[in-house]
Every structure is written in C-alpha cells, then in structure tokens.
Amino acid sequence: MKPQDITTGKPSSLWIFGYGSLVWKPDFKYRRSQVGYIQGYKRRFWHGDNFHRGNDELPGRVVTLIEDDDESTWGVAFEVTGSQVEESLKYLTVREGVRGGYVTKMVEFFPEGENQPSVQALVYIATADNKLYLGPASSEMIGIQIAVCRGKSGHNLEYLFRLAEFMRSSCPHVEDHHLYSIEAAALTVVSYVLAAQ
Ligand SMILES: N[C@@H](CCC(=O)N[C@@H](CS)C(=O)NCC(=O)O)C(=O)O
C-alpha cells in the first residue's frame with residue numbers, strides 16, 4: 001500500500017516512469033531518478049503529435065507503449081514526494097494528456113542493478129483508440145516523417161536524437177532496433193538535404 005498523507009489521503013510519494021521525452025526533459029521537480037525498465041511493453045514511434053513536435057497539417061511521430069509479453073522498455077523513473085506529487089501530475093496532465101493524448105496506467109518498474117526492489121510506477125500511454133494514434137510504418141517512412149516535422153516544443157528530430165542519445169549513454173546494453181533504425185533513416189534524409197545544399 002502506497003504511503004498516504006493522512007490529512008488528504010493523497011499519495012505522499014509516487015514514481016513516474018518516462019520512456020520518451022520524459023527521459024531527457026521531465027520538466028517537473030522530483031526527489032530522485034533511476035534508470036530501469038518495465039516488462040510486457042515495447043516502445044514504438046506509432047503515436048502522432050500535432051502540438052509538441054508537429055502540427056495538424058504535418059503531425060510528428062512520438063513514442064508510445066504497445067503491449068507485448070516478450071518485450072521490455074527501458075527508461076527513467078522519477079520519484080516525486082510531498083507537494084511534488086500534485087505539481088508533477090498537474091503539469092503532466094496538460095503536457096501528456098491534454099496536448100499529447102496519453103492516458104495513465106500503473107506498471108511495475110524494475111530499477112537497473114542487483115537486488116533493487118521493483119516499485120509501482122505511473123506511466124503515460126497513448127492507446128490505439130486515440131485520435132492522434134498513427135500506428136505502424138516502416139522505419140524509413142517514420143524517419144522521413146520525423147525529419148520534416150516540428151512543433152511548439154521543437155523539431156521532431158530533436159525528440160528522436162535525444163531519446164537515442166539517452167539509450168546509448170544510459171542503456172548501452174539494450175539493442176533497440178526500432179529506435180536506431182528510425183534514427184538511421186532520419187540521418188539519411190538529413191544527409192541528402194545537406195548534400196543538396
Ligand atoms: N509518455 C512518454 C512519451 C512522452 C512524450 O514524448 N510526450 C510528448 C507529448 S506528445 C511530450 O511531452 N513532448 C514534449 C516534447 O516533445 O518536448 C514518456 O513517458 O516519455
């Protein structure tokens with residue numbers, strides 16, 4: 001049972017699992033963070049984004065989680081405590097929910113390293129019934145789409161490259177073929193554009 005504030009009944013601490021922009025841009029105050037993974041999901045660039053990294057005419061591509069019992073997804077969990085709980089949830093409700101179309105779920109988070117106990121963590125997932133959901137496409141097509149999209153938070157390429165940078169630096173043992181094949185496709189587009197200039 002999660003510790004609750006006896007006056008408000010609200011949780012006095014909460015873990016929030018990030019696997020996309022949250023791993024490099026949480027933008028909320030937290031007590032501590034921990035690299036680790038969740039089981040039963042794979043990360044895919046199958047969600048559309050018409051605000052942060054795209055617009056209505058050219059929606060960008062961002063990540064969501066797809067259920068798959070044989071897969072796991074690495075990212076970062078952030079522990080928020082006290083007033084940070086309400087502040088982070090209020091912020092993420094807008095960033096992830098209102099603007100991103102994500103819904104919340106509780107999952108089991110496994111910190112990296114020996115003998116670290118798992119914890120329950122809140123995660124934001126965009127499901128296939130979401131109006132922004134784009135679904136599967138080839139790495140080449142996703143790379144091209146990312147290479148030409150930008151939104152209010154910046155270029156879609158930044159979103160892709162920073163996630164790839166996080167995985168290489170913090171999870172070098174993880175071979176995320178989906179992520180790195182899209183990165184390679186986007187870099188090919190960028191190299192063609194630069195060569196044509
Ligand atoms: N929920 C995932 C994905 C989050 C995500 O990438 N959400 C987008 C909303 S569509 C976002 O916050 N983008 C901010 C940005 O791109 O700077 C996570 O835990 O990291």
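Just so you know, ligand 1 is whichever comes first in the structure, and atom 1 is the first atom listed for that ligand.
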With sequence neighbours excluded, tell me which residues meet ring-ring contact (aromatic ring centres under 6.0 Å, His included) with His177. none

May I have the list of side-chain donor-acceptor pairs in residues 136-145 shorter than 3.5 Å, sequence neighbours left out?
unit_1, atom_1, unit_2, atom_2, d
Ser138, OG, Met141, N, 3.0
Ser139, OG, Ser181, OG, 2.8
Gln145, OE1, Arg61, NE, 3.0
Gln145, NE2, Pro59, O, 2.8

For ligand 1, list all ligand N or O to protein N or O distances below 3.5 Å, rounded to 0.1 Å.
unit_1, atom_1, unit_2, atom_2, d
ligand 1, 1 (N), Glu96, OE1, 2.9
ligand 1, 1 (N), Tyr124, O, 3.3
ligand 1, 6 (O), Ser21, N, 3.3
ligand 1, 6 (O), Ser21, OG, 2.9
ligand 1, 6 (O), Tyr159, OH, 2.6
ligand 1, 7 (N), Glu96, OE2, 3.0
ligand 1, 12 (O), Ser21, OG, 3.2
ligand 1, 12 (O), Arg95, NE, 2.7
ligand 1, 12 (O), Glu96, OE2, 2.8
ligand 1, 13 (N), Ser21, OG, 3.4
ligand 1, 16 (O), Arg53, NE, 2.7
ligand 1, 16 (O), Arg53, NH2, 3.4
ligand 1, 17 (O), Lys25, NZ, 2.5
ligand 1, 17 (O), Arg53, NH2, 2.8
ligand 1, 19 (O), Tyr19, N, 3.1
ligand 1, 20 (O), Tyr19, N, 3.3
ligand 1, 20 (O), Gly20, N, 2.6
ligand 1, 20 (O), Ser21, N, 3.3
ligand 1, 20 (O), Leu22, N, 3.1

Going by the side-chain hydrogen bond (donor to acceptor under 3.5 Å, both in side chains) test, which pairs reach into residues 99-108, not counting sequence neighbours? Tyr41-Lys105, Glu67-Lys105, Glu108-Ser118

Tyr180 versus Val174, closest heavy-atom pair with distance: CE1-O, 4.1 Å

Quick one: pull up CD in Glu79 and OG in Ser88 and give me the separation to the nearest 0.5 Å. 11.0 Å

Side chain Tyr159, main chain Val63, donor-acceptor under 3.5 Å: yes

